[in-house]
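One structure below.
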There are 2 protein chains.
Amino acid sequence: MRIGELSERTGTPRRLLRYYEEQGLIVADRLPNGYRDYDERFVDRVLQIRGLLDAGLPTRIIKQILPCLDKPRVIHFQDATPEMLATLEDQLERMTARVECLSRNRDAIAEYLEAVRATRAPQA
Amino acid sequence: MRIGELSERTGTPRRLLRYYEEQGLIVADRLPNGYRDYDERFVDRVLQIRGLLDAGLPTRIIKQILPCLDKPRVIHFQDATPEMLATLEDQLERMTARVECLSRNRDAIAEYLEAVRATRAPQA
DNA sequence: TCGAACCCTCACATTGATGTGAAGGTCAAA
DNA sequence: TTTGACCTTCACATCAATGTGAGGGTTCGA
């Protein structure tokens with residue numbers, strides 16, 4: 001598929017698909033006329049990228065962790081340098097911290113909404 | 001405490017403490033000489049703000065949800081307009097999505113690290 | 001009373017993720 | 001063959017979070 005379809009199917013501006021490529025997050029094939037050519041797998045890939053970006057990870061980090069998350073659980077040994085592993089451990093920690101922070105605050109919001117509803121519903 | 005101590009205790013540059021104030025996330029008292037004056041509660045507050053920022057929430061949103069998260073679970077009725085509640089519901093959803101995305105990817109990284117270790121340890 | 005270590009405001013710079021548009025090539029259908 | 005809807009690259013603009021520093025006041029101890 002070309003960039004327009006991928007854009008529609010992922011809800012991502014073309015501009016950003018090109019940006020993610022520029023940042024090395026995705027690598028598109030090229031048709032003979034120079035157009036980018038994507039296969040189905042890019043849909044999930046792009047959604048994953050967007051999710052991670054939305055959760056606060058910078059493209060630099062996403063680029064590092066993406067190769068470890070490919071469907072066929074292949075260990076890319078060439079990537080598994082000590083520095084790489086250290087980076088992953090570090091990100092693992094940071095992501096866990098994020099999850100905890102988000103969960104805690106999300107629960108607090110949920111509680112708040114519950115409380116608000118509790119003071120309203122009885123009057124109905 | 002003054003800004004320097006709050007900065008040290010939260011690991012946050014003074015610049016940012018002033019920025020958070022400018023964005024309406026915190027409101028500092030002032031000493032007679034114009035210096036900002038913070039009490040203990042600001043330490044947790046600032047750490048919470050940093051956590052949420054790190055998790056991808058913009059100050060605009062943080063400002064909206066912070067009042068609902070105060071320790072004494074007080075419902076701020078003046079805030080509880082229908083729009084406000086809708087915003088909170090929306091953020092609740094978005095935060096849940098973020099948590100799911102982060103958890104999923106974090107688990108995948110953990111699995112990857114496990115797998116790498118599994119192929120190494122046996123040779124030791 | 002001087003210097004160090006604080007604090008203030010103001011303002012410009014940078015970075016990463018985006019928006020927007022210009023200038024131009026490709027292709028299919030009328 | 002022309003029009004419209006695609007695509008390309010390039011470049012400048014914006015926004016939020018953050019860095020940095022100038023220019024200046026306060027406080028305290030040597």
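What you see is a predicted model; the values in this text were computed from it and never measured. Residue numbers begin at 1 in each chain, while the letters A, B, ... track the order of the sequences.
Here the P atom of nucleotide C:dG16 and the CG atom of B:Asp54 are 16 Å apart, to the nearest Å. Rounded to whole angstrom, the span from the CZ atom of A:Arg30 across to the C1' atom of C:dG25 amounts to 13 Å. In this structure, B:Asp37 atom CG and C:dC7 atom P are separated by 12 Å, rounded to whole Å. The distance between atom CD1 of B:Ile61 and atom C1' of D:dA16, rounded to the nearest whole Å, is 13 Å. Between the CD atom of A:Glu21 and the C1' atom of D:dC10 there is a distance of 15 Å, given to the nearest Å. The separation between A:Leu17 atom CG and C:dT18 atom C1' is 13 Å, rounded to whole Å. As a whole-Å value, the separation of B:Ile49 CD1 from D:dA17 P is 11 Å. Distance B:Glu8 CD to C:dC6 P: 8 Å, rounded to the nearest Å.
In this structure, B:Thr12 and B:Ser7 approach most closely via the heavy-atom pair O-OG, 2.6 Å. Closest non-hydrogen pair, B:Leu88 versus B:Cys68, comes out as CD1-SG, 3.7 Å.
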| task | Just do the salt bridge (charged side-chain N to carboxylate O under 4.0 Å, His left out) check on A:Arg117 and B:Glu89 with the steps written out, would you? | result | CA-CA 12 Å; A:Arg117 287 209 198 81; B:Glu89 303 258 18; 2.6 Å; yes

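For C:dT18, neither phosphate oxygen OP1 nor OP2 lies less than 4.0 angstrom from any side-chain nitrogen or oxygen of A:Arg14. The phosphate of D:dA17 (OP1 or OP2) has a side-chain N or O of B:Tyr19 nearer than 4.0 angstrom. A sub-4.0 Å separation between OP1 or OP2 of C:dA17 and a side-chain N or O of A:Thr59 is present. The side chain of B:Tyr35 contributes no N or O atom lying less than 4.0 Å from OP1 or OP2 of C:dC8. Taking side-chain N and O atoms only, B:Asn33 has a distance below 4.0 Å to OP1 or OP2 of D:dT27. Phosphate contact (OP1/OP2 of D:dT8, side-chain N/O of A:Arg18, threshold under 4.0 Å): present.
Between the side chain of B:Arg15 and the base of D:dT20, a donor-acceptor pair under 3.5 Å is found.
The A:Arg36 side chain lies nearest to D:dT8 when the options are D:dT8, D:dT18, C:dG19.
From B:Arg2, atom CZ reaches atom CG of B:Leu17 across 14.0 Å, with rounding to the nearest 0.5 Å. Note that CZ of A:Arg98 is 4.5 Å distant from CG of A:Leu57, once rounded to the nearest 0.5 Å.
Residues A:Leu57 and B:Gly34 both approach DNA chain C. Their nearest nucleotides, taken by heavy-atom distance, put B:Gly34 toward the 5′ side. Taking the nucleotide of DNA chain D with the nearest heavy atom to each of B:Tyr20 and B:Arg2, the more 5' of the two is matched to B:Tyr20. Judged by closest nucleotide on DNA chain D, A:Gly4 is the one of B:Gln23 and A:Gly4 placed further toward the 5' end.
As judged by a 4.0 angstrom heavy-atom cut-off over every strand, A:Arg60 is placed among residues making no nucleic acid contact. Among the heavy atoms of the strands lying under 4.0 Å from B:Leu53 are primed sugar atoms or P, OP1, OP2 only; no base atom is included.
Here side-chain hydrogen bond (donor to acceptor under 3.5 Å, both in side chains) pairs that include residues 16-25 of chain A, with residues two or more places apart or in two chains, are A:Tyr20-A:Arg50, A:Glu21-A:Arg30, A:Glu21-A:Arg36.
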